[in-house]
Amino acid sequence: AGRAVGKACERLDDAAEAFRGLQDGWGLAMAVGTSGQLSLAHGNHAAATPLLDEALAATKAIDNDHVRAAVIDMLGLDALAAGDLTGARDHYAAAAKLHVSLLDYEGSSYGMSGLAGLALAQDRPEVAARLIGAASRARRIIGVSVWPGLQSMDEALNAAVATALGSAAFATAIAEGAHMRVPDALGYGLAATAPGTVPQTPSLPYPASEGSAVSAG
């Protein structure tokens, strides 16, 4: 996908067609969901929307909340790309509820990254940086990295927030976020991006002096 997104999407389209013929809802959800993610990562919002809508329908058919939450987060990113900030936040809120109920740290990290993008679009870069720090912590707890298909978007978001804040303030906010528990960080992100809200510095569950040495929870 990183080298030739067009070829990757063609292969996923072929797979999706086969899964439709087999009436394999799981395979269909993964194929069209991944194709939608790649389309978004390469700026093709128009192509992503119908793919993600089909993926969401497939996740409902197979009754899989993990994949459903991931698709809803991508629909949030899709709405953000279209300039629909309210729709994006609604999607992120729906996905966050599932992530927390499932204790899904990896999925939660993508939800936080999505909320970080929303905060940046609202001109709230300090909120965005805290959420980036919290997302990194969630992935570190379970030992995963950003999925390769989304790495370019993740790097671009980090760079944009760092530029908006400046290196010192960015580092401070990242460290604050890295001390937040996953449910707290999602709640903070949703509260801080609510319309008309004046974001407040969150109450951290760990002293700031602990640095990056945080415990799971």
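Atoms considered below: every heavy atom in the structure, side chains included; atoms not considered: hydrogens, waters and symmetry mates.
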Verify, without hydrogens or angle tests, whether Arg89 (side chain) and Leu118 (backbone) share a donor-acceptor contact under 3.5 angstrom. no

Step by step, work out the salt bridge (charged side-chain N to carboxylate O under 4.0 Å, His left out) result for Asp65 and Arg68. CA-CA 5 Å; Asp65 283 342; Arg68 184 181 308 159; 2.7 Å; yes

Of all heavy-atom pairs linking Ser109 and Ala138, the shortest is CB-CB, 4.2 Å

Heavy-atom donor-acceptor pair, Ser35 side chain to Ala31 backbone, under 3.5 Å: no

Mind checking whether Phe19 and Leu38 sit in one hydrophobic cluster, side chains of I, L, V, M, F, W, Y counted as touching below 4.5 Å? no

Sub-3.5 Å donor-acceptor pair from the side chain of Ser101 to the main-chain atoms of Leu98, do we have one? yes

Leu77 side chain reached by Met153 side chain, heavy atoms, under 4.5 Å: yes

Tell me whether Leu40 shares a hydrophobic cluster with Val71, the cluster being built from Ile, Leu, Val, Met, Phe, Trp, Tyr side chains joined at under 4.5 Å. yes

Report the distance from atom CG of Asp24 to atom CE of Met30, rounding to the nearest 0.5 Å. 11.5 Å

State plainly whether one hydrophobic cluster holds both Leu56 and Leu28, where clusters connect Ile, Leu, Val, Met, Phe, Trp and Tyr through side-chain heavy atoms under 4.5 angstrom apart. no

Check: His99/Asp73 side-chain N/O donor and acceptor closer than 3.5 Å: yes

Gap between atom OG1 of Thr86 and atom CG of Asp84 - 0.5 Å precision: 6.0 Å

Shortest non-hydrogen contact from Met112 toward Ala135: SD-N, 3.4 Å

Kindly say whether Val146 contributes a backbone atom to a donor-acceptor pair with the side chain of Tyr110 at under 3.5 angstrom? no

About how many Å separate CG of Asp13 and CD of Glu17, when rounded to the nearest 0.5 Å? 9.0 Å

In terms of heavy-atom contacts, Ser152 and Ala41 come closest through OG-O, 4.2 Å

Working to the nearest 0.5 angstrom, can you tell me the gap between Ser145 OG and Gln151 CD? 6.0 Å

Minimum heavy-atom separation for Ala116 and Leu131, please, with both atom names. N-CD1, 3.7 Å

Which atom pair, heavy atoms only, marks the closest approach of Leu190 to Ala96? CD1-CB, 4.1 Å

When rounded to the nearest 0.5 Å, the distance separating CE of Met180 from OH of Tyr188 is 6.5 Å

Leu150-Ile142 co-clustered via ILVMFWY side chain contacts under 4.5 Å: yes

Using modelled atom types and a 3.5 Å cut-off, is there a donor and acceptor pairing between side-chain atoms of Gln37 and backbone atoms of Met74? no

Linked hydrophobic residues, Ile132 as query - side chain contacts closer than 4.5 Å: Leu120, Leu157, Val161, Leu165, Phe170, Ile174

Working to the nearest 0.5 angstrom, can you tell me the gap between Arg130 CZ and Leu115 CG? 14.5 Å

If I compare all heavy atoms of Leu85 with all of Ala121, which pair ends up nearest, and what's the gap? CD2-CB, 4.0 Å

Treat each ILVMFWY residue as a node, draw an edge where side-chain heavy atoms are under 4.5 Å apart, and state whether Ile141 and Trp147 are in one component. yes

